[in-house]
Trainee: 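I have a structure I would like to understand better, so I am pasting it below and will then ask my questions one at a time.
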Amino acid sequence: MILNPADVLNPVFNALDALISDYGVYLYLVFVWLSVAVIAWVLSGGLRRKRPQGNSATVIPGIIITMQAPIQPPPPIIGIEIDPARNGDDETMDEP
């Protein structure tokens, strides 16, 4: 028994060749109209899942607003160093 794929499928290919050569135009027209019908079905919602009938809970999306602490400004940049032992009146304070 010969199980070569070319020999096994040769009758199928011959039948398809004969079918196309005899009815090719009609097959083309049928496939075109079927594709138009399938495209219309898909665009009308044919691929969407159907919802079950009965008591279904309605989900309403909500917006949740959370309060955040105000953003603290960064500390000021001090350009000069101040000696903590001195106050603004040029008086020397006693250090502990």
Side-chain angles (χ1 to χ4, degrees):
M1 177 181 242
I2 300 173
L3 293 178
N4 187 4
D7 293 334
V8 173
L9 294 176
N10 199 18
V12 175
F13 292 143
N14 289 336
L16 286 175
D17 284 339
L19 183 70
I20 290 171
S21 67
D22 293 339
Y23 302 106
V25 174
Y26 302 113
L27 289 172
Y28 175 76
L29 289 174
V30 167
F31 285 129
V32 167
W33 284 105
L34 282 177
S35 66
V36 170
V38 168
I39 290 171
W41 175 69
V42 168
L43 291 178
S44 69
L47 291 179
R48 279 189 255 151
R49 291 192 315 186
K50 305 293 182 202
R51 293 186 180 170
Q53 299 296 331
N55 294 335
S56 62
T58 303
V59 178
I60 300 173
I63 299 174
I64 299 174
I65 299 174
T66 58
M67 299 301 290
Q68 294 181 348
I71 299 173
Q72 297 289 334
I77 298 174
I78 299 174
I80 58 172
E81 292 187 24
I82 299 174
D83 186 13
R86 297 181 60 104
N87 62 11
D89 297 334
D90 290 334
E91 296 177 2
T92 305
M93 294 176 50
D94 296 328
E95 293 187 48

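Along the sequence shown, residues are numbered consecutively beginning with 1.
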Trainee: Return the minimal non-hydrogen interatomic distance between Ser21 and Ala18, and the atom names on each side.
Mentor: OG-O, 3.0 Å

Trainee: Would you say Asn14's side chain and Asn10's backbone share a donor-acceptor pair under 3.5 angstrom?
Mentor: yes

Trainee: Are Leu19 and Phe31 connected in the hydrophobic side-chain network, where two residues link if heavy atoms are under 4.5 Å apart?
Mentor: yes

Trainee: Output the distance between atom CG (Leu34) and atom CD1 (Ile39), rounded to the nearest 0.5 Å.
Mentor: 11.0 Å

